[in-house]
Amino acid sequence: MDEKIIYLDNGDTTRIDDEVLQQMMKYYTDSYGNPVSLHALGMEADEDLAKARQIIASSINAEPSEIIFTSGATESNNTAINGIAEYYKNKGNHIIISSIEHSSVKAVAHRLKNDGYKVDEVKVDSEGFIDIEDLKSKFKVTTILVSVIYGNYEIGTIQNIEEIGAVCREKGVLFHTDAAQAYGKLKIDVKKENIDLMTINAHKNHGPKGIGVLYVKKGVKLKKLMEGGSHESGMRAGTENMPAVMGFARAAEIAYSDLDSNNAKISGLRDRLVTGLLEIPHVTYNGPKGGNLSRRLPHNADITFHYIEGEAILMHLSLRGICVSSGSACSSKTLEPSHVLTAIGLKHEQAHGSIRFTISKYNTEQEIDKTVKNVKEVVELLRSMSSFDPEKHSN
Amino acid sequence: MALKYTEKTIEHFTKPRNLGTVENANAEATEGSPACGDMVSYTLNINPETLIIEDIKFKSYGCASNIATASIATELVKGKHIDEVKKMGTTEAASELGGLPPVKMHCSVLAINGIKAAIREFEKKIGRIEDEKRIITEKALLNILKNVMHPKHGINIVDNGNIQRIRIDGQDIFIIITLEPDEEMFASNIHDEVMEHLESMKCSHEIMIKIESKTGDFI
């Protein structure tokens, strides 16, 4: 069955790279020591951990001491926001996020609100770009943190992080960015881009699941989330997941050594897909396009097929061996349409009809062409049975 | 979210029965709306003498289970007397499909209620029932709230014990709903579903819904 699957949900997770898996295996069977142990096996693990930390740090122009390994992007986001909110609570209680954050930022901010913090959301335009003036107007003397997603997971919008970081520096406010989707696709320089905290992970780039990093700029303090041993400079207790750490480092090396050629390939496939799908009548390409296409993550396409519902499209494609995702309420766990799509101005029924396609280096032109053909058939089929009457229901 | 649909559900989704529009239909109804993400439209031919549903077809805007429940519902009611159909439970379409994931149970309610709405319109038209002038009582409210399915448990929110309080005060209706921590993620959906069903009463009451967490927070 795997042979036939066309996997276009790489924004969700990816297939592990064989080289990465190979690298990891050694740390289960041979070099299985715990980096905190004092014996030979432990010391060997500690050295390898330091190497991995160096590799990840270099990939974003950070220092190794600024890298904290976590269980993934959700933990990194939670730690960053909770940790800053708690540590700086005497300085202020105001946090600014964007209206298109991932749930692991949005939910934490929402809970902090219940705990008495003030949270403001910055608006985005119809392609998902932060309104810088709106951001500037949101700052208060009590603002302690700004968190803005680097590259959006749904519509691929790449924010002008350097500019947002500069605004935060000028105001003397810490800046966190969730770069889970952007890392491994874009060159990131935390120093040049004025980033104080950053979330990244491995499994979006052919690395293992369950491993992430929180970059914390030297001098920035936050309350630790896990307490216990002295792992990760005491900031995150718990034995390091060495196989995953080593896999992450290898995946990062591969992603950044082939960055330009990979990006050229996946954005080429993405554009081929989009060109094919835009031949279908009554569709909208959501997110940056045209002159702004270069400010879109190379692997991402998000399209609304009007007058039909996304989960039905997704299920039909799945039965044909094609894996995609949808911003429809019916395909979300909470039965709400994607807040990213509504934030860029889509009506609920437009969000319900959206499908996200995310490409990886393992996809081929043949797969893209087969996908276009199948989507055309499915859209036609569902429209033929749709009770949605554009004249009656479009207002 | 990986959804486990039964083979029968997939079969009705990919090969829906009674799809389309009945020509010269004498009853029809549309339930749901595109904004909610699911909507089903039925056209029926009901024999005015025998009150048997002689023909029924549907069109659907919705997810796989919306299509499948509407499809099986048409099979369930075709050839039946309208009084028999009026007595059908809202989960019968789901049962007939061999069950639906809890988060999809509302599709069964929509599919069955859509047909009942068409029958009600038909009965009004032939003068079999009068235009409803619904008196809003707590019991009537509870009956309406029984159409709201809990997305986690797949049973209605009344039987699931989420309705903490209902009060009718003149023109105002107050409803307090409480959710366990593992139900809080559905707060917004439950709120919208309750609103949608109450608005379908077309009463002039002011409706106020408060959703509370068991841990004390407003959601």
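No experiment lies behind these values; they were computed from the predicted model shown. In what follows, chains carry the letters A, B, and so on, assigned in the order in which the sequence lines appear, proteins first and then strands, with residues in each chain numbered from 1.
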Report the C-alpha distance between E336(A) and M185(B) in whole Å, list the side-chain angles of each, state the deciding distance to 0.1 Å, and finish with yes or no for side chain to side chain contact (heavy atoms under 4.5 Å, CB included). CA-CA 10 Å; E336(A) 290 298 306; M185(B) 62 192 274; over 6 Å; no

Straight-line distance of T14(B) OG1 to L319(A) CG, nearest 0.5 Å: 6.5 Å

Smallest separation among heavy atoms of Y307(A) and Y61(B), with atom names: O-CD1, 3.3 Å

Taking every non-hydrogen pair under 4.5 Å, which of P16(B), G20(B), S41(B), A35(B) racks up the most with chain A? A35(B)

Checking I10(B) against chain A: side chain, backbone, both or neither under 4.5 Å from a heavy atom? side chain

Is there a side chain to side chain contact (heavy atoms under 4.5 Å, CB included) between K59(B) and F388(A)? Walk through the geometry before answering. CA-CA 9 Å; K59(B) 288 196 127 188; F388(A) 191 116; over 6 Å; no

Quick check: are there more than 12 heavy atoms from other residues, nucleotides or ligands sitting under 6.0 Å from NZ of K86(B)? yes

Enumerate by number any residue of residues 375-385 of chain A whose heavy atoms lie under 4.5 Å from heavy atoms of chain B; in the absence of such residues, state 'none'. L382(A), S384(A), M385(A)

Steps toward salt bridge (Lys or Arg N to Asp or Glu O under 4.0 Å) verdict (R111(A), E184(B)): CA-CA 12 Å; R111(A) 208 239 327 120; E184(B) 285 174 15; over 6 Å; no

For E206(B), is the CD atom crowded, meaning more than 12 foreign heavy atoms sit under 6.0 Å from it? no

Shortest non-hydrogen contact from G62(B) toward A312(A): O-CB, 3.3 Å

For the OG atom of S387(A) and the CD1 atom of I67(B), what is their distance to the nearest 0.5 Å? 9.5 Å

Does K123(A) have more than 12 heavy atoms from other residues, nucleotides or ligands lying within 6.0 Å of its NZ? no

E121(A), CD: over 12 other non-hydrogen atoms inside 6.0 angstrom: yes

Sub-4.5 Å side-chain heavy-atom contact between D38(B) and E309(A): no

Would you say CG of D182(B) has more than 12 non-hydrogen atoms from neighbouring residues, nucleotides or ligands within 6.0 angstrom? yes

Please give me the minimum heavy-atom distance between C63(B) and E311(A), naming the atom from each residue. CB-OE1, 2.8 Å

Proximal to chain A - members of residues 110-118 of chain B, heavy-atom separation under 4.5 Å: none

When rounded to the nearest 0.5 angstrom, what distance separates OG in S60(B) from CD1 in I308(A)? 11.0 Å

Counting only heavy atoms closer than 4.5 Å, note whether C107(B) contacts chain A via side chain, backbone, both or neither. neither

From CE (M315(A)) to OH (Y5(B)), nearest 0.5 Å: 5.5 Å

Interatomic distance, E349(A) atom CD to S33(B) atom OG [nearest 0.5 angstrom]: 7.5 Å

Interface moiety of D192(B) toward chain A, non-hydrogen atoms closer than 4.5 Å: side chain

